[in-house]
Amino acid sequence: MDPKDVVITGLGIVSSLGVGADTHWRALTTGTPSPVLDEERFAPYTVHPLPEIDWSAQIPKRGDQRQMETWQRLGTYTAGLALEDAGLKEDSELCAAMDMVVAAGGGERDVEVDQAILDASLTRNDHDILLNEKLTTELRPTLFLAQLSNLLAGNISIVHKVTGSSRTFMGEEGAGVAAIETAAARIRSGQSSHLLVGASFQTEHPDMLLAYELGGFLQRGGWSPVWQRRPEDGGVITGSGAAFLVLESRAHAEKRGRKPYAAIGPVVSGRAQREGEALQETLEIMLSGLGGGDAPMLAISGASGAHAATRAEKAVLDAHGNLVPRGFSSLTGHLKEAQFPFAVALSALAVHYGRAYPSFDAENEKTYEPKPSAVLATAVGYNCFEGMGLVLQP
C-alpha cells in the first residue's frame, strides 16, 4: 500500500431518496427500491424532488441561508454532511488546511426579473435601453442573471471554514468527472493531504429544465427505468441532489485514526464525438485502460437516459459479461454536475458494506451475489463528456 493512496473518509449525499449516506443505503437495499416522483409541478415533465431538509442543521445562520439560492444551500449543506461524517466538522485546524474542488453550473436564474424584462419589451421598442435599465436596477451588482459558479465554494468556505485552495469546474457531468479526477490526482501527487470534492444540482426551477428541453432530452411519457426509455419520449428525467466526499491520503487518514469507506483507483475521462460509433469505441478504450480485469464487477452507472449516450454505454456494459450494471438515475433522476460524485459515493457504500445493490430494473439488470471488492463508477454525459473510475477496498 502506498501512503499516497486516495481514500474516502467522508460521504455526504442528498437526493429525493433522503438525506445522508445511511439513509441512501437503506433506501437502495431494503426490499425493492422505488423512486420518489413529482409529476405535477412541471407537467408534462417528471422530476425527482428534494426531500424535506432542515437547512439549519448544517447552515446555522439564517443570514447565510437567505443569501444562497437553493443549489448553493444544497451544496453547502451536503458538504457539511461529508465533513461531519469524516469527523472533521469541528476540527478548525484541519478544515483551514483542507483543499476543495467543486463542480458547479451557472446557478438559478432570477425568473421574476426575466419575466419583467419580457413583459416590458412588449410595450417598448428601445430594447437596448430597457435591458440596461433592468440590469442596473433589478440585479445585485456582483451577479448576472444567474449566479457566479464559484459562489458555492465560497459559501462552503464561509460556513464550514474550509479555507485551503479552491477550484471550481463547469461543464455538466464533465465538471463532476474533472472534479473527482483532479482531487484524486492532487492527493496522489502530494499537493493535497485532505480534500473536499463534490457538486449539487437543483432541478426544480424552470430554467434548469429548459436547457434539457431545448435539446429535446426531457422525458414526456412519465417515469420508466433509465434503460427502458424510448426515443419518442425524450429520455432524461432530472432530479435534485448533491454528493460531496472527503478524500485523504492513506497516510493522513491513518495519522488521525480514520477508517476509510473505500479507496479511489484510476479515473479516466474523454470527450468523444456523439456521432456514429465514436462514443462506444471511446468507452471501450477507457474501460480497458482502467484494468479492472475479467472478474465479476458491479457497475454503478450514471446513465442519464439520453438515448445515444445511454445506448452506447449499455452496449459496452453488455459486451463485458462480467459487468453488472445498476442505473441509479432510475431512482434519483439525472443530477448533472453531481452525477459522477454520486456514482462514486454509491460505489464506496457498496464496497464498505460488502454488498451489491439489488436490481433497480429487473428486466435489464442481473442479480449480483459476490462481495464487491472493486466497483466501476460511470458518468456518460447526456450531451458531452464521459468518465469512469474504479472504487476499491481500502
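For this chain, numbers begin at 1 and follow the sequence in order. This is a predicted model, so every value here is computed, not measured.
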Walk me through whether T238 and T203 qualify under side chain to side chain donor-acceptor pair (under 3.5 Å). CA-CA 6 Å; T238 59; T203 193; 2.6 Å; yes
Does NZ or CZ of K336 fall inside the cone over Y212's six-membered ring, less than 6.0 Å from its centre and within 45° of the axis? yes
Minimal non-hydrogen separation, H127 against S121, with atom names: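 For H127 and S121, the tightest heavy-atom pair comes out as NE2-O, 3.1 Å.
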I need the minimum non-hydrogen distance between T310 and V226, along with the two atoms involved.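 Smallest interatomic distance, heavy atoms only, reads CG2-O, 4.2 Å.
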Could you check whether [Y] and [X], counting side-chain N and O atoms only, form a donor-acceptor pair closer than 3.5 Å?
{"X": "E313", "Y": "T378", "answer": "yes"}
{"X": "Q219", "Y": "D233", "answer": "no"}
{"X": "W223", "Y": "E39", "answer": "no"}

Check the pair E213 / R220 against salt bridge (Lys or Arg N to Asp or Glu O under 4.0 Å), numbers first and verdict last. CA-CA 10 Å; E213 181 56 9; R220 288 173 174 264; 2.8 Å; yes
Within-4.5 Å side-chain heavy-atom neighbours: M98 and V246: yes
With a 4.5 Å limit on heavy-atom distance, are the side chains of H334 and I237 in contact?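 Not in contact.
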Spacing of OG belonging to S249 relative to NZ belonging to K4, to within rounding of 0.5 Å: 9.0 Å
Could you give the distance from CG (L88) to NZ (K161), rounded to the nearest 0.5 Å?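 It is 15.0 Å, given to the nearest 0.5 Å.
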Could you tell me whether a side-chain N or O of [X] sits under 3.5 Å from a main-chain N or O of [Y], the two making a donor and an acceptor?
{"X": "S330", "Y": "F360", "value": "no"}
{"X": "D38", "Y": "V47", "value": "no"}
{"X": "S301", "Y": "A303", "value": "yes"}
{"X": "H160", "Y": "L83", "value": "no"}

Identify whether the distance between the nearest side-chain nitrogen and carboxylate oxygen of [X] and [Y] falls below 4.0 Å.
{"X": "R271", "Y": "E386", "answer": "no"}
{"X": "D99", "Y": "R186", "answer": "yes"}
{"X": "E369", "Y": "R355", "answer": "no"}

I'd like to check the ring-ring contact (aromatic ring centres under 6.0 Å, His included) partners of F342; sequence neighbours left out, ordered by chain and number. H24, F328
Criterion salt bridge (charged side-chain N to carboxylate O under 4.0 Å, His left out) against E248, the qualifying member of R258, K259, R256: R256
Could you go step by step and tell me if R124 and D126 meet the salt bridge (Lys or Arg N to Asp or Glu O under 4.0 Å) rule? CA-CA 6 Å; R124 291 176 56 172; D126 55 341; 3.0 Å; yes
How about W25 and Y353: are their ring centres within less than 6.0 Å of each other? yes
What residues, two or more places apart in sequence or in another chain, satisfy side-chain contact (heavy atoms from CB on, under 4.5 Å) together with H352? Y261
Can you tell me which residue among L317, D318, L323 is in a side chain to side chain contact (heavy atoms under 4.5 Å, CB included) with H320?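 Of all the options given, the one that passes is L323.
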